[in-house]
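Only one structure is covered here, and it is reproduced in the block below.
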Amino acid sequence: MKQDMIVILDLGSTENTVIARQIRALGVYSEIHPHDITPQELAALNNVKGIIFNGGENRVVDGTPVEISEELYSLGYPMMAIDHPTAKCDKKLAALPDEVTLKSFLFDECKAEANWNMKNFVADQIELVRRQVGDKKVLLALSGGVDSSVVAALLIKAIGKQLVCVHVNHGLMRKNESESVIEVFQNQMNANLIYVDATERFLGKLENVADPEQKRKIIGSEFIRVFEEEARKLEGIDFLGQGTIYPDIIESGTKTAKCVKSHHNVGGLPQDLQFDLVEPLKQLFKDEVRACGIELGLPAEMVYRQPFPGPGLGVRCLGAITRDRLEALRESDAILRDEFAKAGLDKKVWQYFTVVPDFKAVGVRDNARSMGYMCVIRAVNTIDAMTASIERIDYDILEKIADRITAEVPSINRVVYEITKKPVATIEFE
Ligand code: XMP
């Protein structure tokens, strides 16, 4: 293995990720593990150079004060305790270490090398995946989103054609999205890719369904059904690749951290389709996932994409989806993205898209009264998607976008700009 590692044992602190990121920022890889890790589990980790017991104000898990297993002390690793007065370490701190203290622990006491970089991370993961998978096959749902794309690229490097990617086009993708998945993964990376165009099936199920929750449920369950059908057609698959990343794991709750939400990517597969998971990104933060994608040679547009909801354009084609409105939505969204890129706003704005409501408004086209759809532009900035502010877009740019959309999308005759924060509004409309 190429990278040294510092293990942070979570003894009830809320600041595990803060210290993990501080250590990684100094060039040393770090992982957070539960307080009751066994010496055997610890020994199975590669290249551990030191341990940090991260206490914190509760130091209590499920009502029981957390004590450190005596066995761990006898392993001989350099150890540091933060906010844990009863720990039997030479180095005890009341709060998170400053940079000088941390550096001295990492480099003088642990003798760690600052060798955490994406090149080494990728090399290590390739080795670990090969060790885990052997000559077996791995199935991966490749949506084309950042996480699944980076996992795919990594697994292709590690196991080549032993990876089977399934890309399900639910008909609610943005313009050219499925095409670019095929271009990058099949044509450029020579992946084993199964492309399923399930547009008719999804749009059929969604016909006349106007309730947003119902639409989401149909899209979610149909997706699992299509994926399951493909999985059943294949033989000899033992593993399921997943684009799980570190925040998914933290939000799902560790033994010592509260559960915020249950994480699931391709969750909900039937019991008889049991796979072992391959999750090579599960220790990476989002920005590190992107850096990993670049290291693996994925195009920047793919790696720096804005977030896109699982139900896709389905939640932006408001009410009951119709094909003509879906087409108007897809085209207007493509124009918006093009103009944002030309104006450099794609690097500045967190999320931006168009929405097409399910009504028509009066307009004039070719000197005659005509009815057309309305297109709403949404452009927001946020840190965590829990709250959001609106981007103050220049009027000249807005006007140019409105002119292009109404000229190039004949069914749209009005463009409006949405100026509501979250809360009271949400980012999406459904
Ligand atoms: P809201 O509309 O709740 O959206 O303010 C917050 C963020 O979440 C995205 N979003 C989703 N992402 N599956 C996803 O993967 C979904 O069903 C979903 N719904 C909303 C939304 O685009 C925004 O970034």
Side-chain angles (χ1 to χ4, degrees), residues 140-151 167-174 177-178 181 202 205-206 209-227 242-252 260-268 281 285-287 289-290 302-319 321 326 329-330 332-333 336-337 340 345-357 376-391 418-430:
L140 175 75
L142 175 57
S143 68
V146 179
D147 304 339
S148 71
S149 297
V150 176
V151 173
H167 175 71
V168 177
N169 178 358
H170 50 25
L172 305 165
M173 296 287 187
R174 287 169 293 187
E177 207 158 23
S178 288
V181 168
F202 276 82
K205 290 259 173 198
L206 287 164
V209 181
D211 177 63
E213 277 308 299
Q214 198 61 28
K215 285 166 69 180
R216 279 173 180 273
K217 275 197 194 117
I218 291 173
I219 298 167
S221 60
E222 204 56 24
F223 184 89
I224 290 167
R225 226 166 272 153
V226 174
F227 186 75
Q242 284 208 326
T244 313
I245 70 170
Y246 214 23
D248 299 331
I249 295 198
I250 294 165
E251 285 178 2
S252 299
V260 182
K261 69 172 182 195
S262 313
H263 105 266
H264 55 90
N265 283 344
V266 186
L281 309 181
F285 295 99
K286 193 78 184 188
D287 54 321
V289 173
R290 296 190 207 276
M302 196 166 242
V303 166
Y304 288 99
R305 283 164 41 123
Q306 52 168 327
F308 187 59
L313 298 181
V315 292
R316 297 176 183 169
C317 187
L318 304 187
I321 297 168
L326 186 58
L329 174 63
R330 185 174 285 126
S332 60
D333 181 71
L336 178 81
R337 285 191 287 135
F340 263 47
L345 287 170
D346 58 335
K347 305 216 167 44
K348 186 171 170 239
V349 182
W350 194 79
Q351 196 173 19
Y352 47 97
F353 52 87
T354 62
V355 172
V356 178
V376 181
I377 296 174
R378 185 100 168 112
V380 296
N381 289 309
T382 176
I383 304 280
D384 56 7
M386 302 299 283
T387 62
S389 60
I390 55 152
E391 173 69 20
E418 222 279 71
I419 53 166
T420 324
K421 298 183 187 74
K422 174 179 181 175
V424 159
T426 50
I427 296 175
E428 303 287 349
F429 278 46
E430 286 193 336

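These values consider heavy atoms only, across backbone and side chains, with no hydrogens, waters or symmetry-generated copies. Not measured: the values here are computed from a predicted model. In listed order, ligands and their atoms are each counted from 1.
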Exercise. With atoms numbered from 1 as shown, which atoms in ligand 1 lie under 4.0 angstrom from a non-hydrogen atom of Pro311?
Worked result: 13 (N), 16 (C), 17 (O)
Seminar exercise, completed: When every non-hydrogen atom of Leu318 is compared with those of Lys215, the smallest separation belongs to C-NZ, 4.0 Å
Seminar exercise, completed: salt bridge (Lys or Arg N to Asp or Glu O under 4.0 Å) with Glu177: of Arg337, Arg305, Arg330, only one passes, and it is Arg305
Exercise. Protein heavy atoms: any of them under 4.0 Å from atom 22 (O) of ligand 1?
Worked result: yes
Exercise. What's the shortest distance from atom 2 (O) of ligand 1 to any protein heavy atom, and which residue and atom give it?
Worked result: Glu428 N, 2.8 Å
Problem set entry | Thr387 to Pro423 - nearest heavy-atom pair and separation | CG2-CD, 4.2 Å
For this session: Heavy-atom contacts with Trp350 under 4.0 Å: which atoms of ligand 1 show up? List them by number with element.
Result: 24 (O)
For this session: Say whether Gln351, considering both its backbone and side-chain N or O atoms, lies within less than 3.5 Å of an N or O atom on ligand 1.
Result: yes
Exercise. Is there side-chain contact between Val380 and Ser389, with heavy atoms separated by less than 4.5 Å?
Worked result: no
Exercise. Under 4.0 Å from any heavy atom of Gly310, which atoms of ligand 1 are there?
Worked result: 13 (N), 14 (C), 15 (O), 16 (C)
Exercise. Which atoms of ligand 1 are found less than 4.0 Å from any heavy atom of Thr426?
Worked result: 1 (P), 2 (O), 5 (O)
Problem set entry | N/O separation below 3.5 Å, Ala385 to ligand 1 | no
For this session: With heavy atoms of Arg216 as the reference, note each atom of ligand 1 found under 4.0 Å away.
Result: 16 (C), 17 (O), 18 (C), 19 (N), 20 (C)
Exercise. Which atom pair, heavy atoms only, marks the closest approach of Gln351 to Pro309?
Worked result: NE2-CD, 4.4 Å
For this session: Provide, to 0.1 Å, the distance between atom 12 (N) of ligand 1 and the closest protein heavy atom, together with that atom's residue and name.
Result: Pro309 CA, 3.5 Å
Exercise. With a 4.5 Å limit on heavy-atom distance, are the side chains of Phe353 and Phe308 in contact?
Worked result: no
For this session: Return the residue, atom name and 0.1 Å-rounded distance of the protein heavy atom closest to atom 3 (O) of ligand 1.
Result: Lys422 NZ, 3.5 Å
Problem set entry | Cation over ring face, Arg378 and Phe429, 6.0 Å, 45° | no
